[in-house]
Amino acid sequence: MPELPDVELFKRYFDATALHQTIETVEIRNDIILKDCSIQTLESALVGQTFAGTERHGKYLFVEVKDSNWLVLHFGMTGDLKYFKKPDKEPDYSQLLIGFSNDYHLAYILPRKLGRVRLTEAVGPFLERNRIGPDALKSDFTVADFQEIMAGTRSMVKSALMDQKKMAGIGNVYADEILFQASLHPKTKANDLDEEALEDLFKTMKDVLETAIEHRADPGQFPDSWLTPHRNEQATCPRCGTDIEQIKASGRSTYYCPTCQKQM
Ligand SMILES: [Zn+2]
């Protein structure tokens, strides 16, 4: 579930807590979360160093380690971060625990063990190697880029929004929200949208992501006019009162309003 807005908040949390302190210990609770690196490699990359800064790209959080490789965190379906002092405050499902010289710890929490921790020499080559597209929110991803990508895509617009190789950061929940606010049926073909519709969709995408971050990525705090607080079987559309429908699109549970989001 962590999508771009959630990971942006993890970034801000990391920046506010874990930077510029000497790393003393690195503990891994389950090495299934390590990708392309061993606990020994991770330890020798981190211990004695400090975290110098962070960058977010899509659903990835990159942490710059002074004089070493970058730490790459991906939060899978359920990840979280927690900074705490007392050892008995260690949260459940901590998979990676980093101890600092000020006696605080940073836990990378992963109940379903679907996230991944790895190291990389730099952000750019990592994104290229893994064929991750431009970040959906950053200003260097323009409406012209978006129009070009969508015009060349025959798949459903929902699949295109969620395809991390086309643009990075949007998952199932925010794709549904963006399409609801843009009044587009989730099964609309991307290349059936004209330039104007794509410009609207692009603006809606940026607005949904920014507004979600402002509301702490917490559906309970989202405006009631949004779809996300109404993602359940009995819900009605906050705009028109029609029953919200659930279908499968791109293999995922998709919620939409059949009145506001007509298929073209
Ligand atoms: Zn409606």
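For ligands, and for the atoms within them, numbers begin at 1 and follow the listed sequence.
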Taking the six-membered ring for Trp, are His230 and Tyr255 closer than 6.0 Å centroid to centroid? no
Between Tyr83 and Tyr104, does the ring centre distance come in under 6.0 Å? yes
Asp163/Lys166 salt bridge by N-O under 4.0 Å criterion: yes
With a cut-off of 2.8 Å, which protein N/O/S atoms are close to the Zn ion (ligand 1), if we only count those under it? Cys237 SG, Cys240 SG, Cys257 SG, Cys260 SG
Test: Arg129 and Glu121 ion pair at under 4.0 Å: yes
Quick check on the 6.0 Å ring-centre criterion: do Tyr60 and Phe126 meet it? yes
When the ring centroid of Phe180 is compared with that of Tyr256, is the distance short of 6.0 Å? no
